[in-house]
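Quick notes on the structure that follows.
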Amino acid sequence: MSYDEILADLKSKLTDNIKENDTMLRKEAEKFAKEKNADGVKAVGKLLVDNMPEEEREEIKRITHVDGVRLDVMHNQIVELINKHSAIEAKPVAERLYKKIMVEFKEGEKAKFVSTRNPFEDNLLQILFKQNKILNRAPFDLATYLTTYAYIITETGSPFDAIPVLKQAIEFNPVDCGPKFELAEVYKLLGNRKRLFEITRDTIKVASSPISLARCYANIGYILVESQDYDDASAFYTASAMMYPHRAIPLEMRHIAQLKGTPIRQFSHEQIMNIFKKYEIEFAFNPEVIKVASQMSAHYLEERDIPNALNSLKITYNMTRDENIKNIILKYEPDAEQRPLRDDDKTPNITRTK
């Protein structure tokens with residue numbers, strides 16, 4: 001069914017009772033969310049707002065809009081400006097969005113907003129980052145919006161000022177690698193190797209895709225090149241390529257060879273593992289992250305919630321490469337091998353990739 005058809009069908013179920021309408025619409029929202037039906041979720045969202053008393057509707061609009069523009073639409077406009085190489089023009093718009101977020105979604109005495117993007121992140125956050133406050137899930141990806149603003153601040157010549165913005169982004173979603181990677185880029189620009197190493201170790205703890213972990217290893221390689229530990233740097237770049245073969249890695253290795261004046265040393269797997277131990281880093285995903293993904297896979301399969309089960313299974317498979325998990329995925333999605341089993345992390349498309 002199209003969006004218009006779903007909307008018409010839902011409207012036919014409405015009565016004059018606001019409370020009953022609200023209950024029905026929320027049940028429909030859960031159903032569409034499980035089915036990953038974006039049009040269904042959008043239609044329910046519209047009717048939920050329409051079903052509210054006028055006073056409540058205006059209050060929600062006040063919180064979620066700036067000058068009549070919804071926050072996500074405003075962010076899309078900012079990204080469009082960046083992609084047109086108009087960071088200076090985008091900066092005041094991004095600053096207004098930032099200020100709106102910090103006012104409307106500020107942390108309270110007993111509760112705080114988080115902007116986790118899916119059930120996996122919801123669960124991972126509560127396992128890895130114990131909370132003593134009530135968590136309210138924001139209706140927008142606030143961590144990404146703040147990361148975009150920090151990117152603009154950095155690109156317009158003030159990387160130091162981007163640091164507190166990125167720390168606020170991390171507070172909204174501690175398990176999102178995007179803000180952490182952008183903070184790592186800021187520390188590179190500032191030449192702060194100590195902080196770069198710290199944020200990279202923190203990112204390794206929450207990474208849940210090969211490309212994220214590979215980027216972490218590459219960042220450590222960068223640190224070691226800067227400190228002229230060329231052989232150890234080569235080991236981390238090699239490990240990065242083993243995890244995910246990014247096109248930039250051969251260029252980095254060539255750069256090391258030029259700095260050394262000799263060919264790159266070849267490492268055995270055991271030698272790489274020993275160098276990792278030297279820096280107290282495991283060549284693997286955090287076992288807690290794998291555990292959360294696998295437990296969610298089992299839970300959703302038991303509940304027969306196939307869309308969420310598949311998402312969790314794909315996350316688990318990408319971290320483990322377990323053929324049994326792959327076979328379960330293919331049972332429910334036979335053409336899964338024709339595309340990536342899981343998209344890489346949804347970091348802002350303006351975030352640097354080095």
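Numbering starts at 1 and runs along the sequence shown. Please read all numbers here as calculations on a predicted model, not as lab measurements.
- The shortest distance between side-chain heavy atoms of Val175 and Phe129 falls below 4.5 Å.
- Judged by distance alone, the side chains of Asn311 and Tyr300 never bring a donor and an acceptor atom under 3.5 Å apart.
- Applying the 6.0 Å contact sphere to NZ of Lys291 captures no more than 12 heavy atoms from other residues, nucleotides or ligands.
- Using a 4.5 Å heavy-atom threshold, the side chains of Leu125 and Leu135 count as touching.
- Taking 4.5 Å as the limit, every side-chain heavy atom of Asn76 sits out of range of all side-chain heavy atoms of Glu80.
- Atoms NZ and CG, on Lys331 and Leu301 in that order, are 8.5 Å from each other to the nearest 0.5 Å.
- Rounded to the nearest 0.5 angstrom, Arg193 CZ and Leu224 CG are separated by 9.5 Å.
- Under 4.0 Å is where a charged nitrogen must lie from a carboxylate oxygen, and between Lys278 and Asp232 at least one such pair does.
- Not one N or O on the side chain of Arg195 forms a donor-acceptor pair closer than 3.5 Å with the backbone of Leu183.
- A distance-only check finds a donor-acceptor pair linking the side chain of Ser297 to the backbone of Ser312 [under 3.5 Å].
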Query raised in the report: Between Glu104 and Arg62, does a salt bridge (charged side-chain N to carboxylate O under 4.0 Å, His left out) hold up when you go through it step by step?
Result: CA-CA 9 Å; Glu104 303 296 351; Arg62 184 192 67 77; 2.8 Å; yes
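- Formation of a donor-acceptor pair under 3.5 Å by the Asn327 side chain with backbone atoms of Glu323 is found in this model.
- Among all heavy-atom pairs drawn from Asp305 and Asn308, the shortest one is OD2-ND2, 2.9 Å.
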Query raised in the report: Can you check salt bridge (charged side-chain N to carboxylate O under 4.0 Å, His left out) on Glu333 and Lys314, steps first, answer last?
Result: CA-CA 11 Å; Glu333 194 175 307; Lys314 290 173 184 179; 3.0 Å; yes
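- For the atom pair OG1 of Thr316 and CG of Asn324, the computed distance is 12.5 Å after rounding to the nearest 0.5 Å.
- Without hydrogens or angle criteria, Ser115 side chain to Asp141 main chain gives no donor-acceptor distance under 3.5 Å.
- Considering CD of Glu107 and CD of Glu171, their distance stands at 6.5 Å, rounded to 0.5 Å.
- Both Ile204 and Phe197 belong to a single network of hydrophobic side chains, linked directly or stepwise wherever heavy atoms of I, L, V, M, F, W or Y lie under 4.5 Å apart.
- The structure places CD1 of Ile264 at 10.0 Å from NE2 of His255, a figure rounded to the nearest 0.5 Å.
- Looking at Lys133, its side chain does come within 3.5 Å of a backbone N or O of Gly108 through a donor-acceptor pair.
- Taken together through direct or relayed side-chain contacts under 4.5 Å among Ile, Leu, Val, Met, Phe, Trp and Tyr, Ile127 and Met296 form part of one hydrophobic cluster.
- Inter-residue side-chain proximity for Met242 and Tyr217 is flagged as unmet; no heavy-atom pair is nearer than 4.5 Å.
- In this structure, Phe236 has its ring center closer than 6.0 angstrom to the ring center of Phe276.
- Side-chain contact annotation: Asp229 with Ser227, donor-acceptor N/O pair under 3.5 Å present.
- Contact check for Val69 versus Gln77: side-chain heavy atoms found under the 4.5 Å cut-off.
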Query raised in the report: Can you list the steps and then say if Tyr149 with Ile101 is a side chain to side chain contact (heavy atoms under 4.5 Å, CB included)?
Result: CA-CA 12 Å; Tyr149 178 47; Ile101 290 169; over 6 Å; no
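- Minimum heavy-atom separation, Pro179 to Leu166: O-CD2, 3.8 Å.
- In the hydrophobic cluster analysis, where Ile, Leu, Val, Met, Phe, Trp and Tyr join through side-chain heavy atoms closer than 4.5 angstrom, Met273 is grouped together with Met243.
- Side-chain contact annotation: Asp122 with Thr116, donor-acceptor N/O pair under 3.5 Å present.
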Query - side chain to side chain contact (heavy atoms under 4.5 Å, CB included) evaluation trace for Arg96 with Met74 - result: CA-CA 10 Å; Arg96 290 172 65 207; Met74 192 174 186; 4.0 Å; yes
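- For Gln131, the CD atom sits in a packed shell: over 12 heavy atoms of surrounding residues, nucleotides or ligands are nearer than 6.0 Å.
- Between Ile275 and Ala235, the shortest heavy-atom contact is CD1-CB, 3.5 Å.
- Side-chain atoms of Tyr244 and Arg215, non-hydrogen and from C-beta on, never get closer than 4.5 Å to each other.
- Each of Ile152, Ile153, Thr148 was scored for a side chain to side chain contact (heavy atoms under 4.5 Å, CB included) with Val165, with one residue passing: Ile153.
- Using a 4.5 Å heavy-atom threshold, the side chains of Thr64 and Phe140 count as touching.
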Query - Derivation and outcome, side chain to side chain contact (heavy atoms under 4.5 Å, CB included), residues Leu190 and Ile163 - result: CA-CA 11 Å; Leu190 296 175; Ile163 295 174; 3.8 Å; yes
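- Salt-bridge formation is not detected for the pair Arg26/Glu30: no Lys NZ or Arg NE/NH1/NH2 atom is positioned less than 4.0 Å from an Asp or Glu carboxylate oxygen.
- Closest heavy-atom contact between Ile78 and Ala94: CD1-CA, 3.5 Å.
- Across all their heavy atoms, Ala207 and Leu213 have their closest contact at CB-CD1, 4.0 Å.
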Query raised in the report: Under the side-chain hydrogen bond (donor to acceptor under 3.5 Å, both in side chains) criterion, do His75 and Thr144 qualify, and how do the steps go?
Result: CA-CA 9 Å; His75 179 256; Thr144 292; over 6 Å; no
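- In terms of hydrophobic clustering, with Ile, Leu, Val, Met, Phe, Trp and Tyr side chains grouped at heavy-atom distances under 4.5 Å, Tyr237 and Ile281 are assigned to a common cluster.
- Side-chain atoms of Asn21 come within 3.5 Å of backbone N or O of Thr15 as a donor-acceptor pair.
- Annotation: the span from Lys100 atom NZ to Leu142 atom CG amounts to 12.0 Å, rounded to 0.5 Å.
- Counting heavy atoms from C-beta outward, His65 and Val73 have side chains that stay 4.5 Å or more apart.
- Looking at Lys180, its side chain does come within 3.5 Å of a backbone N or O of Pro174 through a donor-acceptor pair.
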Report task. Walk me through it: do Thr203 and Phe181 pass the test side chain to side chain contact (heavy atoms under 4.5 Å, CB included)? Result -> CA-CA 8 Å; Thr203 311; Phe181 282 135; 3.9 Å; yes
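- The backbone N or O of Lys326 sits nowhere less than 3.5 Å from a side-chain atom of Arg321 that would complete a donor-acceptor pair.
- Taking all atoms of both residues into account, the shortest heavy-atom contact from Ile329 to Leu310 is O-CD2, 3.9 Å.
- The environment of Tyr3 atom OH is dense: over 12 non-hydrogen atoms of other residues, nucleotides or ligands sit within 6.0 angstrom.
- Glu185 has a carboxylate O that lies under 4.0 Å from a charged side-chain N of Lys188, or vice versa, which qualifies the two as a salt bridge.
- Between the side chains of Tyr187 and Glu198, not a single donor N or O lies within less than 3.5 Å of an accepting N or O.
- Paired with Phe285 under the rule side chain to side chain contact (heavy atoms under 4.5 Å, CB included), one option of Ile290, Asn318, Val206, Thr320 passes, and it is Ile290.
- Under a hydrophobic clustering in which Ile, Leu, Val, Met, Phe, Trp and Tyr are joined whenever their side-chain heavy atoms come within less than 4.5 Å, directly or via other members, Ile88 and Ile82 fall into different clusters.
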